[in-house]
There are 2 protein chains.
Amino acid sequence: MNFKKVPLTAIRRLSIYARMLAGLEADGKQQVSSRDLGETASIPSTQVRKDLAYFGQFGKRGSGYSVKELGFRLRKILGIDRAWNVALVGAGNLGRALFSYPGFSKQGFRIVAVFDNSPGKVNKSWKGTRIQSIKELSKTVREKNISIGIVAVPASGAQEVADEMCKAGIKAVLNFAPKRLKVPTGCMQANVDLAIELENFSYYLSKLR
Amino acid sequence: MNFKKVPLTAIRRLSIYARMLAGLEADGKQQVSSRDLGETASIPSTQVRKDLAYFGQFGKRGSGYSVKELGFRLRKILGIDRAWNVALVGAGNLGRALFSYPGFSKQGFRIVAVFDNSPGKVNKSWKGTRIQSIKELSKTVREKNISIGIVAVPASGAQEVADEMCKAGIKAVLNFAPKRLKVPTGCMQANVDLAIELENFSYYLSKLR
DNA sequence: ATTAACTTGTGAATAATTTCACAAAGTCCG
DNA sequence: CGGACTTTGTGAAATTATTCACAAGTTAAT
Ligand SMILES: NC(=O)c1ccc[n+]([C@@H]2O[C@H](COP(=O)([O-])OP(=O)(O)OC[C@H]3O[C@@H](n4cnc5c(N)ncnc54)[C@H](O)[C@@H]3O)[C@@H](O)[C@H]2O)c1
Ligand SMILES: NC(=O)c1ccc[n+]([C@@H]2O[C@H](COP(=O)([O-])OP(=O)(O)OC[C@H]3O[C@@H](n4cnc5c(N)ncnc54)[C@H](O)[C@@H]3O)[C@@H](O)[C@H]2O)c1
């Protein structure tokens, strides 16, 4: 096993492998090689093996990896062998789409509370989930053991919401607002920033002509 | 100027600087230092300067960068000094949120066509935009000079849609389906993969206890 | 005019990550 | 069994990206 620090990027690829394995398992496949695992995502087999080697020796020379065994191990490593409770703040267009998306809970990420600060939204219900006032965040985070927060409010309110989340004990913030947030150490942050993706496109598109 | 290849990551940071500059300009600020520019995004000033140096010398020693001038130059570099036409495929929950989001067109990315393959959706209208059959994609891409495509269909149909897009002449595909796509060389791809973000969280969360 | 304080731009050093190369082990088949 | 083929795991090398260190230009105050 490789005891060096695990590259940040390796963890993200582990998610890709895990998803791939779930598909293979559903198809009844028993064995898979590092080449097959990386193929559809264009990840070289040697990268796949390096990534896995950070966590152990899961394969068998000559035949590859057991789909079932490796899937199990990866889910364990990624911490998705259990459910995680998620708070959504911002009951707008995006929040609604995220809330009603069944993919999350299927993966074990359950949006167990929704918050907003607009009087027009608070106390309305979405499929039986009451939209709570942002003031109730702290209490609810503790009560429902919420560790992940999703920020789906306009940029102007995003930092404030993230601050509240971290103060309430949320340890990981997924931010959709087009704004970089500051979070205290001990709190993780990830940004889904469509402007960056699109501008990355336009940069390269501009160079084509 | 630095003629070495521009790191992929530098381009993404350029977007962050450009957004920051837009804010500063709106606030009436005239000058900004590399330190200020990176600060809110926790990017070291030396990284900011390196990133900018790939494209020229925009600053003035002692006083920093002109907000207006640098903003202009970055928008030019990023290709956002013009509008880009975007096709959205998948008129579901997510597609609807994306379509109705005013932030895109404000940034110059205009969703000028929406496609779906469900008879229940095709020929319905969203705010005056007719949802077209996916069969019309190729024609419309040519007619409306569309260079960017957004995939917002279930994973099962995502590859097929991406294939259509690339065949139709779309050069950049932004994929929201939880599935890695294969695109031909000459076509760019970016993935917004919430499962990866969340599983990245759960990996680190699991290690906390 | 001099000094102190800033700030940029950039080569060099460092760090992080990916790719290569290959030994060792397992499989398959006649 | 023996030989051809497959596949893993892993140091070493190569590549890519970040950070350091500092010369050189700029500003501002007295
Ligand atoms: N809709 C999209 O497709 C899309 C795409 C990319 C990014 N985003 C970003 O996601 C965020 C949400 O977008 P949206 O389209 O859902 O916006 P929206 O305006 O539809 O909804 C925002 C919601 O947040 C609530 N809110 C505002 N400030 C709040 C606060 N301080 N505390 C609690 N609630 C607050 C509002 O009441 C509203 O219900 C925005 O930052 C937007 O830029 C959205
Ligand atoms: N909704 C979310 O918040 C969310 C979050 C993360 C990821 N996603 C992903 O985004 C994608 C869309 O999600 P959604 O919630 O909007 O799903 P949805 O089921 O609401 O909508 C999907 C739409 O795509 C259409 N469609 C299906 N196959 C098609 C094809 N081959 N060609 C054209 N149109 C086709 C369907 O008719 C439907 O209108 C999915 O891949 C989903 O996993 C969604």
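Within every chain, numbering begins at 1; the chains are lettered A, B, ... in the order of the sequence lines, protein sequences first and strands thereafter. In this text, all values refer to a predicted model and were calculated from it rather than measured experimentally.
Atom CD of residue B:Glu197 and atom CZ of residue A:Phe109 lie 11.0 Å apart, to the nearest 0.5 angstrom. Here CG of B:Leu98 is found 8.0 Å from CG of B:Leu174. Values are rounded to the nearest 0.5 Å.
Under the side-chain hydrogen bond (donor to acceptor under 3.5 Å, both in side chains) criterion, no residue pair touches residues 87-102 of chain B, with sequence neighbours excluded. For residues 143-161 of chain B, every residue pair satisfying the side-chain hydrogen bond (donor to acceptor under 3.5 Å, both in side chains) rule, not counting sequence neighbours, is listed here: B:Gln159-B:Asp163.
Under the salt bridge (Lys or Arg N to Asp or Glu O under 4.0 Å) criterion, A:Arg49 pairs with no residue, sequence neighbours left out. Every residue two or more places apart in sequence or in another chain that forms a salt bridge (Lys or Arg N to Asp or Glu O under 4.0 Å) with A:Glu136 is listed here: A:Arg130.
Taking only side-chain nitrogens and oxygens, A:Gln47 never comes nearer than 4.0 Å to OP1 or OP2 of C:dT17.
Side-chain atoms of B:Lys207 and B:Tyr203 form a donor-acceptor pair, as typed in the model, at a separation below 3.5 Å.
Rounded to an integer number of Å, the gap from B:Gln57 CD to C:dT7 C1' is 13 Å.
Of all the heavy atoms in A:Gly95 and A:Leu88, the pair that sits closest is O-CD2, 3.4 Å.
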### Query
Could you run down nucleotides 25-30 of chain C 5' to 3' and tag each one B, S or - for protein heavy-atom contact under 4.0 Å?
BSS---
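Contacts of residues 19-38 of chain A with DNA chain D (heavy atom under 4.0 Å): A:Ser33, A:Ser34, A:Arg35.
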